[in-house]
Amino acid sequence: QPTREFRDMVKALHQAGIEVILDVVFSHTAEGDHLGPTLSFRGLENRAYYLLDPEDRRLYSDYAGCGNTLNGNHSIVRRLIMDALHYWVEQMHVDGFRFDLASVLTRDEWGRPMRSPPILWDIESDPRLVSTKIIAEAWDAAGLYQVGTFIGHRWAEWNGRYRDDVRRFLRGDEGTVIDFADRIIGSPALYTAPDHALYRSINFVTCHDGFTLNDLVSYREKHNQDNGEDNRDGADENYSSNCGHEGPTDDPDIERLRERQIKNALAILLVSQGTPMLLFGDEVRRTQRGNNNAYRQDNDTSWFNWEQVEEHQGLLRFTKRLIRLNREHPALNLEIHLPDLRNGNGGKGQPTASPDGQAQEHIAWHGVKLGQPDWRHISHSIAVTLSGKEQGDDIHLMFNAYWEDLEFELPPCPGGGQWLRAVNTSLPSPDDAVEEGQEPAVDGNTYLVGGRSVVVLIAHRQRVTDLA
C-alpha cells in the first residue's frame, strides 16, 4: 500500500507540472558507531560496507557525523547504490536525487578523497539514469568541502558559498560586495570551467538545515535548548541579524525591517543566475523560534502553521511574482559562462568594471555612478545590467545593503523606451512586486533606492505607462 500511495503521489505531482527530487543518504546508516545496534550491514560484512578506522579496525571512521561512514566505492556497496537508484527511477518514477553529504562518496577505503571516485562516475554515466537530475551536497561532516570542484559534467551542487555570501551582504558586513556580485551571476569564481552550465549552481539562502528565513532576520544566536544538548548542536555561525531585538517583537520599525530583509533575500535569490531553491514556508515567514537544528522536534517547532498563509498574503504574492519574473525573462537565465570578476587583475584585487568578450554583451556593472562599481571594502551596494539580447528584455538590478537611501544613475533604456519598475522591496504590498503589464515607468536618469532594499527594472522598449 505505501508503494502504491507513493506512485500515486508522484503521478499527481507530475500531472500538476511538479517534478520529484528524492533526498538520498548514502553517507551513513542507522547502525551508528561501534556501540550502536547491529541492524543489517554490520552483520553481513562490516569491512565491506563501512570505512573502518585505519589504526583500529574495530572502530569506524566518521565522516558523516553519525558514527559511521558508508564505504561507497566498494564494489558491493556501489552495486547496492546503483540498484537503489534504478528502483526509484524505474519503479517509483522520481525525477532525480539530492545526495546527502555527497563528498563522503569521494573517499576511498582509508578515507582519502579520490580524484576520480568510481561511484560518482557510475551515477553520472549510467544510461538508466541519463534523464535524471543529480544534485550533490558537496561537502561532508569532516571538513571536506568540494563546492566548485565536484567531479563530472552533470552534477549540480548545493552552493553553500552562495548562502553565506548573500547572508553576509544582507547583514551589512564589510568586504562582501565582490563575492556577492560573483554569486548573483552564477559564481564563476567557483565554477571556472567554461562548459559549466549556470543552472548547475543550486542557489539558496536557507534550507532544511539551519534557520528559516524569518529566523535569519529575527535571531542573532541559535536557541536550541529544547533539543536537550545544552545548545551545543547546530551551527554557531549563521550570519544572521535580529534587526534590533532577539526574537518576536511588536516594534513596528523592527518588523518592517525584518519584512524588507526577507523580501531582499527572496528577490536576490530569484534574480541570480543559477537554479533557485526555496525553503518551504519562507514565503509566509515560517519560524522555528530560533532553533537551527529542529530535525528532532516533532511538534509545532517544526510543523507548518497554515494560518500564516492568510497572515502573510502580501509576502506570498511577492514570492509568486518573483518566481514568474525569473521564468519569464531570459536575462535572468543566461546560457553563457560569465568570467570571474577578478580576472582583470590576475584573480586578485579590484575586479574590472565589465567582463570581456561575449559576456560583455550580456552584463555591465555599475555603482551609484554608471560604469563605476564600488568594489571597496566599505562598499554596501552594487548594480548590474543584464541583457536578454534578441531573446527578451534587459534587466537592471540595484542592490543597496547600506542603511541609508542611495541614488543610482540609470543606464539608457535600450530601444529608446523607458525602464519599468517591477520590484522595489522598500514599498508596501502590492507595489513591492508589480504584476506583469502594470509596471510603472521610471522618470528621469536616476533612481532613489531605499536603505536595505533591492530594485528590479525591466526595459520594455515600446510600452509607455504612468510614471513611477
Side-chain angles (χ1 to χ4, degrees), residues 1-7 20-94 96-114 116-126 128-129 132 134-144 146 151 208-209 227-229 232-233 293 295-298:
Q1 182 63 28
T3 301
R4 288 194 294 270
E5 289 179 357
F6 188 93
R7 286 177 176 147
V20 178
I21 308 295
L22 189 69
D23 188 275
V24 291
V25 183
F26 294 117
S27 54
H28 61 276
T29 75
E31 291 188 287
D33 61 15
H34 64 286
L35 300 176
T38 297
L39 301 175
S40 57
F41 299 123
R42 176 181 295 164
L44 292 174
E45 178 52 83
N46 195 50
R47 293 175 297 176
Y49 283 96
Y50 292 108
L51 298 184
L52 303 181
D53 188 311
E55 297 181 1
D56 187 343
R57 306 297 279 175
R58 298 171 300 173
L59 306 178
Y60 295 94
S61 298
D62 183 11
Y63 301 109
C66 296
N68 66 70
T69 308
L70 202 64
N71 187 7
N73 286 289
H74 188 284
S75 59
I76 296 298
V77 184
R78 285 166 59 191
R79 185 182 304 172
L80 169 70
I81 293 172
M82 297 306 297
D83 285 349
L85 299 179
H86 292 157
Y87 173 82
W88 284 101
V89 169
E90 297 172 352
Q91 300 299 322
M92 310 301 275
H93 309 296
V94 302
F97 304 94
R98 177 265 189 187
F99 291 78
D100 180 75
L101 299 179
S103 290
V104 162
L105 297 176
T106 71
R107 295 184 182 272
D108 65 15
E109 63 177 314
W110 304 108
R112 299 169 301 198
M114 292 184 283
S116 190
I119 183 57
L120 297 182
W121 285 114
D122 286 350
I123 295 168
E124 164 145 332
S125 61
D126 189 276
R128 297 163 68 179
L129 303 176
T132 62
I134 49 176
I135 302 168
E137 184 182 35
W139 56 83
D140 68 18
L144 183 56
Q146 297 176 314
I151 67 103
H208 67 283
D209 290 324
N227 296 351
E229 298 182 35
R232 293 191 302 266
D233 62 311
N293 194 36
Y295 79 97
R296 62 186 302 159
Q297 296 295 326
D298 187 11

**Any side-chain heavy-atom pair of R128 and L85 under 4.5 Å** = no

**Fill in**
The side-chain contact (heavy atoms from CB on, under 4.5 Å) partner of T106 among L144, D140, I119, I151 is L144

**Request:** Give me the one residue out of N68, D33, N46 that meets side-chain hydrogen bond (donor to acceptor under 3.5 Å, both in side chains) with Y60.
**Result:** N46

**Prompt:** So do I76 and E45 actually touch side chain to side chain, heavy atoms under 4.5 Å?
**Reply:** no

**Message:** So, taking the atom named CG in N293 and the one named NE2 in H208, what distance separates them when rounded to the nearest 0.5 Å?
**Reply:** 10.0 Å

**Request:** Look only at the side chain of R42 and the backbone of G36, and say whether a donor-acceptor pair between them is shorter than 3.5 Å.
**Result:** yes

**Message:** Could you work out, with salt bridge (Lys or Arg N to Asp or Glu O under 4.0 Å) as the rule, every residue matching R57, not counting sequence neighbours?
**Reply:** none

**Message:** Treating D83 as the side-chain partner and Y87 as the backbone partner, does any N or O pair qualify as donor plus acceptor under 3.5 Å?
**Reply:** no

**Prompt:** Quick one: salt bridge (Lys or Arg N to Asp or Glu O under 4.0 Å) partners of R7, sequence neighbours excluded?
**Reply:** none

**Prompt:** Just how far is it from atom CH2 of W110 to atom OG of S61, taken to the nearest 0.5 Å?
**Reply:** 9.5 Å

**Request:** Verify the distance criterion only: is there a donor paired with an acceptor across the side chains of Y295 and N227 at less than 3.5 Å?
**Result:** no

**Prompt:** Are N71 and R47 close enough, and set up right, to give a side chain to side chain contact (heavy atoms under 4.5 Å, CB included), and what steps lead you there?
**Reply:** CA-CA 9 Å; N71 187 7; R47 293 175 297 176; over 6 Å; no

**Asked** Mind checking whether M82 and L129 have side chains closer than 4.5 Å, heavy atoms only?
**Response** yes

**Message:** Applying salt bridge (Lys or Arg N to Asp or Glu O under 4.0 Å), can you list everything that pairs with E109, at least two apart in sequence or on another chain?
**Reply:** none

**Message:** Contact between I123 and F97 at the side-chain level, heavy atoms closer than 4.5 Å - yes or no?
**Reply:** no

**Prompt:** Given L120 and M114, is the side chain to side chain contact (heavy atoms under 4.5 Å, CB included) satisfied, shown in steps?
**Reply:** CA-CA 11 Å; L120 297 182; M114 292 184 283; over 6 Å; no

**Request:** Tell me, please, which residues at least two apart from D108 pass salt bridge (Lys or Arg N to Asp or Glu O under 4.0 Å).
**Result:** R112

**Prompt:** When you look at T29 and Y49, which way does the side chain to side chain contact (heavy atoms under 4.5 Å, CB included) test go after all the steps?
**Reply:** CA-CA 10 Å; T29 75; Y49 283 96; over 6 Å; no

**Request:** Find the distance between OG1 (T132) and CG (L22) and round it off to the nearest 0.5 Å.
**Result:** 11.5 Å

**Prompt:** Taking only residues two or more places apart in sequence or in another chain, which ones pass side chain to side chain contact (heavy atoms under 4.5 Å, CB included) with D298?
**Reply:** W303

**Prompt:** If you measure from the Lys or Arg side-chain nitrogens to the Asp or Glu carboxylate oxygens, is any gap between R296 and D233 under 4.0 Å?
**Reply:** no

**Request:** Kindly compute the distance separating CG (D53) from CZ (R58), expressed to the nearest 0.5 Å.
**Result:** 10.0 Å

**Message:** Using every non-hydrogen atom in the two residues, find where S103 and A138 come nearest and quote the distance to one decimal.
**Reply:** OG-C, 3.0 Å

**Asked** Can you tell me how far CG of D56 sits from NE2 of H34, rounded to the nearest 0.5 angstrom?
**Response** 8.5 Å

**Message:** Under a 3.5 Å distance rule, please check whether T69 uses its side chain to pair with a backbone N or O of H28 as donor and acceptor.
**Reply:** no

**Request:** Could you tell me whether the side chain of N73 and the main chain of L105 form a donor-acceptor pair under 3.5 Å?
**Result:** yes

**Fill in**
Correct closest heavy-atom pair for A141 and A64 would be CB-C, 3.5 Å

**Message:** Other residues, nucleotides and ligands only: do more than 12 of their heavy atoms fall within 6.0 Å of CD on Q1?
**Reply:** yes

**Prompt:** Side-chain donor-acceptor pair under 3.5 Å between Y50 and E31, yes or no?
**Reply:** yes

**Fill in**
Tightest non-hydrogen contact, residues R107 and A142, listed as NH2-CB, 4.0 Å

**Asked** Got V24 and W88 here, is their nearest side-chain heavy-atom distance under 4.5 Å?
**Response** no

**Complete:** Sorted by chain and number, sequence neighbours left out, ring-ring contact (aromatic ring centres under 6.0 Å, His included) with F99 holds for W155

**Message:** What's the separation between atom OH in Y63 and atom CG in L101, rounded to the nearest 0.5 Å?
**Reply:** 13.5 Å

